[in-house]
**Q** 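This is the structure, below, for whatever I ask next.
The first residue in the sequence is number 1, and the count goes up from there.
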Amino acid sequence: MTSPLKLSLSAILAVLLTSASATAATVYIADGSADQIIVVDTDTGTVERRITGLDAIHGLSGAPGVRYLVAGSYSEVEGTEATALAKPEGVSEDEHAAHHAKPAAGAMPKDAAISILTILDAKSGEILRRIEVPGAVHHTAVSPDGRYAAATHPSGDGISIIDLETLVFKAFVPTGSAPNYAVFSEDSASVFVTNSGNGTISEVDVEKGFVRRNLLVGTAPEHVVISDDGATLYVADADIGKIHEIAVSDGAILRSFEIGGELHGLDLSDDGSTLFVSGKSEDKLVAIDLQSGAMRTASLSPAPYHLTTIDGTGKIYVSSRDEPKIWIINQIDLAVIGEIAVSGEGHQMVVLP
């Protein structure tokens, strides 16, 4: 399965330079069925600590310079159960009531199931607020300016928008069938949401809470990343094994890359020149040179799943869907250079300086 590994001199130098100048970073990993976040030091690849008490955590997001992590539960609960969530240790009933944010009347769809979005202090891991949202949360995203967070609700065909300045539920916005992943625009004014059930991406105006436009994108768009300049989206058309390159300006599909098999996670290299993709069903990791379109493929088994590049290190973290571990991968040759044990399964990952 492995193809010859060919890299341009500039790509090799870019990875070597970033590795040489790497500064310590921290990776936060949503450890789904273990109900916890694993905190990893990227210099050593060791688990520094675990943040517990997060039911069925799947979505997890943050942004450099932003105080908060936003964790979403993929478990739905009854309204009475949500209200009676166990309060953090050392918190009084009054403090707990203040920190358990219930949306304003009429803000959520009527008769919607409820799940819990948890706001944490990124440095300490302290739970600051628990917010009711309408339905299981698949993924979350935090805006670059730190003002808003978004959470996708596949069973509710929409997203929740959270105001991170006040730590309250702002709005529910219907997007399309089975919204999966979300990524904010460079200026934080929009969030792009992949609707895996109807082959579209919705651009949502965050401040006003409405869909500005819908883009037609393949069959079942799922994970998505945006280029550093905000001009291009890269989307995994997961079920048919394609990656689509989309112009944000007009929604045109500029190129499609045939990867094959069922896809899952993807992320860009530091300089934006390479796109890394996990091929879950065919046990492979693929690197796409975005200038030439050339692809490098390496075997990775079993079932590579979520994928995150670690800025400034030349490394990629890739979780396995079938085994409780995270692979540490070298971006140059796609070789496995280490592993991190998890207790459940690694879902969305966040890298912070």
**Q** For the rings on His244 and Tyr234, is their centre-to-centre separation under 6.0 Å?
**A**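 Here the rings of Tyr234 and His244 have centres that are no less than 6.0 Å from each other.
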**Q** Side chains of Thr308 and Asp267 only: does a donor on one sit below 3.5 Å from an acceptor on the other?
**A** no
**Q** Check step by step if side-chain hydrogen bond (donor to acceptor under 3.5 Å, both in side chains) holds for Asp41 and Thr46.
**A** CA-CA 6 Å; Asp41 182 294; Thr46 57; 5.6 Å; no
**Q** Donor-acceptor check, side chain of Ser202 to backbone of Asn214, threshold 3.5 angstrom: yes or no?
**A** no
**Q** Is Met349 reachable from Leu120 through a run of I, L, V, M, F, W or Y residues, each pair having side-chain heavy atoms under 4.5 Å apart?
**A** no
**Q** Would you call Leu54 and Gln36 a side-chain contact if the rule is heavy atoms closer than 4.5 Å?
**A** no
**Q** So with a 6.0 Å cut-off around CG of Leu216, is the heavy-atom count from everything else above 12?
**A**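 Counting neighbours around CG of Leu216, 12 or fewer heavy atoms of other residues, nucleotides or ligands fall under 6.0 Å, so no.
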**Q** For Ile201, is there any backbone N or O sitting under 3.5 Å from a side-chain donor or acceptor partner on Thr194?
**A**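 Not confirmed, Thr194 side chain does not pair with Ile201 backbone.
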**Q** Do Ser188 and Tyr148 have side-chain heavy atoms sitting under 4.5 Å apart?
**A** no
**Q** Are Leu290 and Leu263 linked, directly or through intermediate hydrophobic residues, by side-chain heavy-atom contacts shorter than 4.5 Å (ILVMFWY only)?
**A** yes
**Q** Less than 3.5 Å apart, any donor N or O on the side chain of Ser320 or Asp322 sitting next to an acceptor on the other?
**A** no
**Q** For the side chain of Lys325 and the backbone of Gly346, is there at least one donor-acceptor N/O pair under 3.5 Å apart?
**A** no
**Q** Ignoring hydrogens and geometry, is there a side-chain-to-backbone donor-acceptor pair from Ser160 to Val133 under 3.5 Å?
**A**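 Judged by distance alone, no pair lies under 3.5 Å.
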**Q** With no hydrogens and no angle check, do the side chains of Thr140 and Ser61 hold a donor and an acceptor under 3.5 Å apart?
**A** yes
**Q** So, for Glu76 and Ala113, which heavy atoms are closest and what is the spacing to 0.1 Å?
**A**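 Answer, listing the atom of Glu76 first, then Ala113: OE1-CB, 3.3 Å.
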**Q** Has the side chain of Asp31 got a donor or acceptor atom that lies under 3.5 Å from a matching backbone atom of Ala34?
**A** no
**Q** Are Trp327 and Ile337 connected in a single hydrophobic cluster, I mean Ile/Leu/Val/Met/Phe/Trp/Tyr linked by side-chain heavy atoms less than 4.5 Å apart?
**A**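 In one cluster: no.
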**Q** Side-chain donor-acceptor pair under 3.5 Å between Glu132 and Ser115, yes or no?
**A** no
**Q** Looking at CG of Leu117 and CD1 of Ile162, how far apart are the two atoms once the value is rounded to the nearest 0.5 Å?
**A**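 Taking CG in Leu117 and CD1 in Ile162, the distance rounds to 5.0 Å.
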**Q** If hydrophobic clusters are built from ILVMFWY residues whose side chains come within less than 4.5 Å, do Tyr317 and Leu352 share one?
**A**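 No, because Tyr317 and Leu352 fall into different hydrophobic clusters, even though each may have its own neighbours under 4.5 Å.
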**Q** Going by salt bridge (charged side-chain N to carboxylate O under 4.0 Å, His left out), name the pairs with one or both residues in residues 146-174, residues two or more places apart or in two chains.
**A** Arg147-Glu165, Arg147-Glu207
**Q** Between Arg296 and Ile332, is there a donor-acceptor pair closer than 3.5 Å when you use the side chain of the first and the backbone of the second?
**A** yes
**Q** I'd like to know if Ile340 and Ile329 are part of one continuous hydrophobic network [Ile/Leu/Val/Met/Phe/Trp/Tyr, side-chain heavy atoms within less than 4.5 Å].
**A** no
**Q** Regarding Thr200 and Asn195, is there a side-chain donor-to-acceptor distance under 3.5 Å anywhere?
**A** yes
**Q** Val70 and Ala149: which non-hydrogen atoms are nearest, and at how many Å?
**A** CG2-CB, 3.9 Å
**Q** Mind jotting down which residue pairs meet the salt bridge (charged side-chain N to carboxylate O under 4.0 Å, His left out) criterion with at least one end in residues 190-201? Sequence neighbours excluded, please.
**A**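 Salt bridge (charged side-chain N to carboxylate O under 4.0 Å, His left out) check on residues 190-201 returns no pairs.
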**Q** Side-chain donor-acceptor pair under 3.5 Å between Asp55 and Ser75, yes or no?
**A** yes
**Q** Can you check whether Ile259's main-chain N or O pairs, donor with acceptor, with Lys284's side chain at less than 3.5 Å?
**A**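 Indeed, once roles are kept as given, a pair shorter than 3.5 Å links the two residues.
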**Q** Please check if the side chain of Asp283 supplies one atom and the backbone of Ala303 the other of a donor-acceptor pair under 3.5 Å.
**A**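 Side chain of Asp283 to backbone of Ala303: a pair is present.
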**Q** For the backbone of Val39 and the side chain of Arg49, can you confirm whether one donor and one acceptor N or O come within less than 3.5 Å of each other?
**A**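 Judged by distance alone, no pair lies under 3.5 Å.
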**Q** Is the closest side-chain donor-acceptor distance between Glu345 and Ser319 under 3.5 Å?
**A**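 Not at all, the side chains of Glu345 and Ser319 share no donor-acceptor pair under 3.5 Å.
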**Q** Can you pull the ring pair (Phe, Tyr, Trp, His ring centres under 6.0 Å) pairs that have at least one residue in residues 331-353, sequence neighbours excluded?
**A** His58-His347, Tyr305-His347, His306-His347
